[in-house]
Amino acid sequence: MAKVCLDPGHAGGNIDPGAVNPETGLQEADVTLAVSKLVAKYLEAVGHEVILTRTESEQAETDSLAYRCNLANDWGADLMVSIHCNAAASAQANGTEIFTTLGETEGDRLATCVINQVTATFPDLRLRADWDDGDPDKEQNFYILRYTDAPAALLEMAFISNAQEAEKLADPAWQNEMSRAIARGITDYFFYGKN
Ligand SMILES: [Zn+2]
């Protein structure tokens, strides 16, 4: 079976909570950790090996993207999925999106597998896609994607700055469904083999 690295965005607590909902105080770092732990549970249940780049609600050494990439690379991860919540100045901004590095890589195929499961699971979640190159991912040379050796994708599950989506992000049942969708996307990636 495969070695999967999950990257719960941000270092947590007072170090780097990530985006925070101004009304409820919900912190991105808490949501990403909860979801990542559930994804790990589902993947381990079907025999995959999993590491998380952060396991504590506040973990100082994880406030370094190099630390996270090194962890994945030294372990020999077969893929990495970085898990985040989106935020915008406009409280209306909403939807889900996934990023890969620039150009056509195995990360694109991973991203497509994951986002397809997310959108199939949550028809109410608007897909923010960039179809210019024929697939739904957006492309940005984010550090975590660029310096991880394995195919990697960064999922922005939904907007924590949007009241309706923040409510979902805080809901353990929604987190569980999201985790199952991400885990299915990852197993799809392995199941369908390389292009
Ligand atoms: Zn983030």
Side-chain angles (χ1 to χ4, degrees), residues 2 4-10 18-19 28 31-43 46 48 50 52-53 68 72 77-88 93-146 148 150-162 164-166 168-169 171 173-195:
V4 176
C5 179
L6 301 171
D7 179 51
H10 307 279
E28 177 184 359
V31 177
T32 62
L33 183 61
V35 170
S36 297
K37 283 183 170 175
L38 287 167
V39 178
K41 184 182 84 169
Y42 290 119
L43 290 173
V46 293
H48 295 296
V50 181
L52 270 62
T53 58
R68 293 167 183 250
D78 292 313
L79 66 77
M80 171 191 269
V81 176
S82 185
I83 297 175
H84 287 254
C85 306
N86 225 331
N94 66 86
T96 189
E97 61 191 11
I98 196 161
F99 289 89
T100 62
T101 53
L102 303 189
E104 189 70 25
T105 68
E106 272 294 296
D108 291 53
R109 208 168 59 75
L110 170 63
T112 299
C113 290
V114 171
I115 203 71
N116 280 350
Q117 285 289 349
V118 169
T119 54
T121 303
F122 300 102
D124 57 328
L125 205 51
R126 187 169 71 89
L127 173 61
R128 303 163 62 94
D130 173 5
W131 293 103
D132 282 355
D133 60 350
D135 62 27
D137 63 71
K138 296 186 171 185
E139 299 192 340
Q140 286 280 343
N141 273 331
F142 291 139
Y143 188 103
I144 194 79
L145 301 177
R146 191 167 169 194
T148 296
L154 185 151
L155 176 67
E156 297 275 11
M157 295 181 284
F159 278 75
I160 201 167
S161 51
N162 175 292
Q164 289 79 30
E165 293 195 353
K168 292 173 181 169
L169 286 163
D171 176 6
W174 191 94
Q175 291 175 356
N176 190 50
E177 287 307 309
M178 174 58 77
S179 306
R180 289 163 52 101
I182 295 168
R184 284 195 298 271
I186 290 169
T187 54
D188 282 353
Y189 172 80
F190 293 123
F191 184 77
Y192 292 117
K194 291 189 183 295
N195 277 340

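This structure is a prediction, so every number in the text was calculated from the model and none was measured.
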Practice problem: In sequence, state the C-alpha distance, the side-chain angles, and the governing distance for D135 and E104, and then conclude on side chain to side chain contact (heavy atoms under 4.5 Å, CB included). | Solution: CA-CA 10 Å; D135 62 27; E104 189 70 25; 4.0 Å; yes

Quiz item: What's the shortest heavy-atom distance between R68 and M80, and which atoms?
Solution: O-CE, 4.2 Å

Quiz item: What are the two closest non-hydrogen atoms of H84 and T32, and how far apart are they?
Solution: CA-CG2, 3.6 Å

Quiz item: For the residue pair P151 and G107, what are the closest heavy atoms and their distance?
Solution: CB-N, 3.9 Å

Quiz item: Hey, does the side chain of E139 reach the backbone of F99 with a donor-acceptor pair shorter than 3.5 angstrom?
Solution: no

Practice problem: Report the C-alpha separation of L79 and V4 in whole Å, then their side-chain angles, then the decisive distance to 0.1 Å, and conclude whether the side chain to side chain contact (heavy atoms under 4.5 Å, CB included) test is met. | Solution: CA-CA 5 Å; L79 66 77; V4 176; 3.8 Å; yes

Practice problem: List the atom of V35, the atom of S179, and the distance in Å for their closest heavy-atom pair. | Solution: O-OG, 3.3 Å

Exercise. Indicate yes or no: at least one non-hydrogen side-chain atom of I144 is less than 4.5 angstrom from one of D7.
Key: yes

Practice problem: State, to 0.1 Å, how close L43 and A183 come at their nearest heavy-atom pair, and which atoms those are. | Solution: CD2-O, 3.8 Å

Quiz prompt | Sequence-distant partners of F122, ring pair (Phe, Tyr, Trp, His ring centres under 6.0 Å), two or more places apart | solution = W174

Quiz item: Does E165 come within less than 4.0 Å of K168, counting only side-chain N to carboxylate O?
Solution: no

Quiz item: side chain to side chain donor-acceptor pair (under 3.5 Å) with T100: which residues, sequence neighbours excluded?
Solution: D137

Quiz item: Rounded to the nearest 0.5 Å, how far does CD of Q117 lie from OG1 of T112?
Solution: 12.0 Å

Practice problem: Would you kindly say whether T105 and D108 are connected by a side-chain donor-acceptor distance under 3.5 Å? | Solution: yes

Quiz item: Are side-chain heavy atoms of E106 and R109 found at a separation under 4.5 Å?
Solution: yes

Quiz item: Does the side chain of L154 come within less than 4.5 Å of Q140's, by heavy atoms?
Solution: no

Quiz item: In Å, rounded to the nearest 0.5 Å, how long is the span from OG of S161 to CD of E28?
Solution: 10.0 Å

Quiz prompt | Euclidean distance, I182 CD1 relative to L6 CG, rounded to 0.5 Å | solution = 8.0 Å

Quiz item: Considering only heavy atoms from C-beta outward, does the side chain of F159 approach that of C85 to under 4.5 Å?
Solution: no

Exercise. State, yes or no, whether a side-chain contact exists between T121 and R180 at a heavy-atom distance under 4.5 Å.
Key: no

Practice problem: Please name the pair of heavy atoms, one in Q175 and one in V31, separated by the smallest distance, quoted to 0.1 Å. | Solution: NE2-CG1, 4.3 Å

Self-check item: Separation of D133 CG from K138 NZ (nearest 0.5 Å)
Solution: 12.5 Å

Quiz prompt | Heavy-atom side-chain contact between H48 and I186 under 4.5 Å | solution = no

Self-check item: T53 vs P8 side-chain heavy atoms within contact, under 4.5 Å
Solution: yes

Quiz item: Do D124 and Q164 touch side chain to side chain, with heavy atoms closer than 4.5 Å?
Solution: no

Self-check item: Rounded distance [0.5 Å steps], CG in L155 versus OG1 in T96
Solution: 5.0 Å

Quiz item: Under 3.5 Å, is there a donor-acceptor pair between the side chain of R128 and the main chain of N94?
Solution: yes

Quiz item: Hey, mind stepping through N141 and L145 against side chain to side chain contact (heavy atoms under 4.5 Å, CB included) and telling me if it holds?
Solution: CA-CA 7 Å; N141 273 331; L145 301 177; over 6 Å; no

Practice problem: Working to the nearest 0.5 Å, report the span between CE of M178 and CD1 of I83. | Solution: 9.0 Å

